[in-house]
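Below: the structure, in structure tokens.
Numbering of ligands and ligand atoms starts at 1, following listing order.
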Amino acid sequence: MCPRAERSGRARALAVPAAQGVDRVLITRARLRRRIRELAAQLSEDYAGGEVVCVGALNGVICFLADLMRELSVPAPVELVHVDRFLEGGSHTVDMPNQFREGLRGRDVLIVEDIVDTGVTLRALVDKVRAEAPATLKICALLDKPAHRQAEVHLDYVGFSIPPVFVVGYGLDYEGFYRNLPFVGVVDSAVWPPALLERPKSGSNLD
Ligand code: 5GP
């Protein structure tokens, strides 16, 4: 697409009421679609002849998981996990209260993540899945923000590596809004992460 057409496409994407407050488009709908097709092609090749159980953490993963799984050519049962994150005694902790419904023991499991920032959430999810003794475990993240990494995690598949900005859209929210945007945008004014993380434990599900 020529730069002028792309610029006007981005301006149109930001003009809808649901995008009010979003400062710029970081990843367009078209780029997301293209990259997700590439990831799915790679995954379908890597898991060819078998199946892959996709484990996603709610709610941010909804758009990515829905689009990715529909592009996979191998059988792909899905398991969804609720994640509560809080700041406790100055450190970032994660709680995943629900049990897996799919038995993961001995199966090929793929954690599908929307975004990896500090890596603390993913680390907790990896530990929870590992405790089920899967045959293999790999990780596919749509967005990787390596600048803030605190926990060691290895990402096997990455959609886009992005700078340390606060992004919304395509499943990612700010105060519950913007999840339904079809692109990934930047809210420059968002206070992230301290003000959001320091909410009281009850009702502090950030995602
Ligand atoms: P981590 O534990 O890696 O720091 O954070 C992972 C979770 O924090 C993500 O699942 C997401 O809920 C939230 N998060 C991290 N960075 C962003 C961001 O830029 N935008 C939004 N909306 N959420 C983010």
Problem - Full working for salt bridge (Lys or Arg N to Asp or Glu O under 4.0 Å) between Asp108 and Lys138 - result: CA-CA 8 Å; Asp108 293 320; Lys138 288 190 175 181; over 6 Å; no
Exercise for the section: Test side chain to side chain contact (heavy atoms under 4.5 Å, CB included) on Leu26 and Ile162 and set out the steps. Expected result: CA-CA 9 Å; Leu26 186 67; Ile162 63 169; 3.9 Å; yes
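Of the options Ile162, Val120, Thr121, Asp114, the smallest heavy-atom separation from atom 10 (O) of ligand 1 is shown by Asp114. The residue from Val167, Val116, Leu58 that puts a heavy atom closest to atom 21 (C) of ligand 1 is Val167.
Atom-to-atom distance recorded for Leu65:CG and Leu142:CG is 11.5 Å, nearest 0.5 angstrom. For the atom pair CG (Leu72) and CD (Glu51), the distance works out to 12.0 Å, reported to the nearest 0.5 Å.
Atoms of ligand 1 found under 4.0 Å from any heavy atom of Val165, numbered from 1 in the order shown, are 19 (O). Annotation for ligand 1: atoms under 4.0 Å from non-hydrogen atoms of Thr118 are 1 (P), 2 (O), 3 (O), 4 (O). Listed by atom number, the atoms of ligand 1 under 4.0 Å from Leu172 heavy atoms are 21 (C), 22 (N), 23 (N). Atoms of ligand 1 lying under 4.0 Å from any heavy atom of Lys145, numbered from 1 in the order shown and given with element: 16 (N), 17 (C), 18 (C), 19 (O).
More than 12 non-hydrogen atoms from other residues, nucleotides or ligands lie less than 6.0 angstrom from CZ of Arg10. Heavy atoms of other residues, nucleotides or ligands lying less than 6.0 angstrom from CZ of Phe160 number more than 12. Atom CZ of Arg149 has more than 12 neighbouring heavy atoms from other residues, nucleotides or ligands inside a 6.0 Å radius.
Look at Phe166 and you'll find a heavy atom under 4.0 Å from some atom of ligand 1. Not close to ligand 1: Leu122, with no non-hydrogen atom less than 4.0 angstrom away. Under a 4.0 angstrom heavy-atom cut-off, Gln150 registers as lying outside contact with ligand 1. Within the structure, the closest approach of Gly119 to ligand 1 falls below 4.0 Å when heavy atoms are considered.
Taking only nitrogen or oxygen atoms, main chain and side chain alike, Asp173 reaches within less than 3.5 Å of ligand 1. Taking distance alone, with nitrogen or oxygen atoms compared against 3.5 Å, Glu113 stays at or beyond that limit from ligand 1.
Distance alone, capped at 3.5 Å, places no donor-acceptor pair between the Arg123 side chain and the Ala151 backbone.
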